[in-house]
Amino acid sequence: MGEGVLKRPFSRVDGELCCGGVRAADLAERFGTPLYVYDVRRMEERVRAFHVAFRDIDHLIAYSVKANGNLSILRRLSAAGCGADITSRGELFRALRAGIAPGAIVFAGVGKTKAEIAAALEEGIYAFNVESAGELERIDEVASELGLCARFGIRVNPDVFADTPHEYTRTGTATTKFGVPWEETRDLYRWARDRSSLDPVGIDMHIGSQIVDSEPYVRALERVLTLVSELGREGIVLEYLDIGGGFGIPYDVESGMDVDALAAEVVPRVKAAGLKLILEPGRSIVGDAGILLTRVEYVKRSRKKVFVVVDGGMTELIRPSHYGGYHAIEAVSDGHSGEDVEVDVVGPICETGDFLARGRIMRVPEPGELLAVHTVGAYGFAMASNYNGRQRPAEVMVNGSEVTVIRKRETLEDLVRGEE
Ligand SMILES: Cc1ncc(COP(=O)(O)O)c(C=O)c1O
C-alpha cells in the first residue's frame with residue numbers, strides 16, 4: 001500500500017484495519033500486544049485545523065502535554081507549531097526535552113510546589129496560570145528570592161457549567177478545585193500590580209474536557225472579558241487570554257467540537273479586546289489518532305454474561321473504568337462471521353472495574369483474535385500504570401508507511417527499578 005491512499009487514520013483495506021499505509025495486524029505481530037499505535041499525520045492535520053480556524057488572531061496552540069506526553073509526539077507537535085500547556089515539573093522536563101521553546105509554555109495546576117515554580121522561572125516560561133491567592137504569594141516569594149519577575153495570568157473560575165460526559169471532567173464551576181473565584185480575581189491583580197517580582201500579563205480559563213458545544217465557552221469568555229476591561233480601566237493591561245482546552249471529539253456517534261464554529265465566536269471577541277489568544281487543546285489533537293491493539297486471551301461465559309478477556313485492561317486504558325468512557329472496539333481483520341451478542345470486554349486485572357467495554361453488542365471474537373480499541377490517543381498511555389505488576393505497553397508512531405517505536409514495552413527490570 002502506498003502512502004496517502006488512506007485519508008482518515010485507521011481505515012480498512014481489503015478487510016484489514018490499517019494505520020497510514022501499515023496493517024495493524026502486522027504491527028501487533030512485530031511489536032506484540034497490548035500496543036498503542038498512533039497516526040502522526042492525523043495529529044499534524046488536527047494542529048493545522050486549529051491554526052487555520054484561528055488564523056485571524058495572534059495565537060498560541062499550547063498543546064496540553066497531559067493528554068499524551070511522549071517525546072516523539074511532542075517533537076512533532078512542536079515542529080507543527082505548538083507550544084505546551086504543562087501541569088508539573090515532569091511535564092516541563094518533557095516539553096523542554098522535546099525542544100519546545102520555554103517562551104511557548106504555560107503552567108497550570110492547583111498545587112505548584114516551590115521547586116516547580118523555581119524551575120519554571122529559571123527556564124523562562126511564557127507564563128504561570130495561577131489557581132489561588134496562596135499560589136500567587138508563593139510565586140512572588142520564589143521569584144523575589146531568585147531575583148526574577150514572574151509573568152502570570154489568573155485562571156478564573158467563571159462558575160459556568162459545561163456539560164461533559166462525566167462530572168470528573170467539569171472544571172468551570174465554583175464547586176471544583178480549579179481557578180480563582182471570578183469575584184475575587186480583580187483584588188488579586190490589584191495586589192500583584194505593586195509587587196516588583198510579579199508581572200500580570202494574562203488571564204486564563206479552562207471549563208472542562210470533552211465539551212462539544214461552543215456556548216459554555218462563550219458564556220465563560222464574556223465573564224472573563226468583563227474582568228479584562230475592568231482591569232484595563234484600572235491600568236492593568238493584559239497581553240493574553242487563554243481559553244484553555246477541552247474541545248470534544250467523537251468517541252461514539254456524537255459529533256465533536258466544530259473548531260471553526262468555536263473560532264467564529266471566540267476570535268472577534270478576543271481580538272476586540274486586543275489580546276493574544278492561547279488555546280490548550282489536548283484530546284482534540286491526539287485523541288482520534290491513537291488505537292490500542294489487544295489480543296483476545298479467552299472467551300468466558302457465565303450464566304448471565306459473555307466475557308471477552310483481552311490482554312489489555314485498565315492498566316493500559318483506564319478511561320472506561322474511571323470516567324465511564326466509551327471506546328469503539330472492532331476486530332482488526334474481517335473474515336470472521338457470527339451473530340452479534342452482548343459482551344463485556346475485560347482485562348486481566350484483579351478488579352471488577354477492569355473493563356474496556358460493558359454491555360457491548362458485537363460478534364464474540366475468538367481467542368487469539370486481535371481487537372482495536374479506538375480513540376485512545378489522549379489520556380490512554382498517559383494514564384497507564386504498573387498496577388498488578390503490569391509492564392506498560394509499547395507505543396509506535398506511524399508516518400505513512402514508516403513505523404517508529406517511540407516507547408519500548410517495559411521490561412521486568414523496569415518494574416523494580418529504584419527499589420531495594
Ligand atoms: C488546564 C487545562 N488545559 C487543557 C486541558 C486539556 O483538555 P483536553 O485534552 O480536553 O483538550 C486540560 C485537561 O484537563 C486542563 O486541565
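Order of appearance sets the numbers: ligands from 1, and atoms from 1 within every ligand.
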Ligand-side contact atoms (ligand 1) for residue partner E280, heavy atom cut-off under 4.0 Å: 1 (C), 2 (C), 3 (N), 4 (C), 5 (C), 6 (C), 11 (O)

Per-atom contacts of ligand 1 with G282, taking only distances under 4.0 Å to non-hydrogen atoms: 8 (P), 9 (O), 11 (O)

Nitrogen or oxygen atoms of R155 and ligand 1 under 3.5 Å apart: no

Residue list, salt bridge (charged side-chain N to carboxylate O under 4.0 Å, His left out) with K66, at least two apart or on another chain: D85

Proximal ligand 1 atoms for Y379, defined as those under 4.0 Å from one of its heavy atoms: 6 (C), 7 (O), 8 (P), 9 (O), 13 (C)

H206/F178 aromatic ring centres below 6.0 Å: no

For G245, atoms of ligand 1 separated by under 4.0 Å from a heavy atom: 4 (C), 11 (O)

K112 to F128 six-membered ring, cation-pi geometry met (6.0 Å, 45°): no

Which residue and heavy atom of the protein sit nearest atom 8 (P) of ligand 1, plus the separation: G246 N, 3.4 Å

Nitrogen or oxygen atoms of S284 and ligand 1 under 3.5 Å apart: no

Nearest neighbour in protein (non-hydrogen) for atom 6 (C) of ligand 1: S64 OG, 3.4 Å

Element-labelled atoms of ligand 1 that are located less than 4.0 Å from some non-hydrogen atom of S209: 7 (O), 8 (P), 10 (O)

Contacting atoms of ligand 1, where contact means under 4.0 angstrom from a heavy atom of P281: 11 (O)

I207 versus P158, closest heavy-atom pair with distance: CG2-CG, 3.9 Å

Within-shell test, G244 vs ligand 1, heavy atom, strictly < 4.0 Å: no

Test item: Y189 side-chain N/O and L227 main-chain N/O as donor-acceptor pair under 3.5 Å: no

Parallel, tilted or perpendicular, as decided by the 30° and 60° cut-offs, for the rings of H374 and F10: perpendicular

Heavy-atom closest pair, residues E135 and V130: OE2-CA, 3.4 Å

Cationic tip of R46 above F247 ring, under 6.0 Å, 45° of axis: no

Polar atom proximity, A108 to ligand 1 (N or O, under 3.5 Å): no

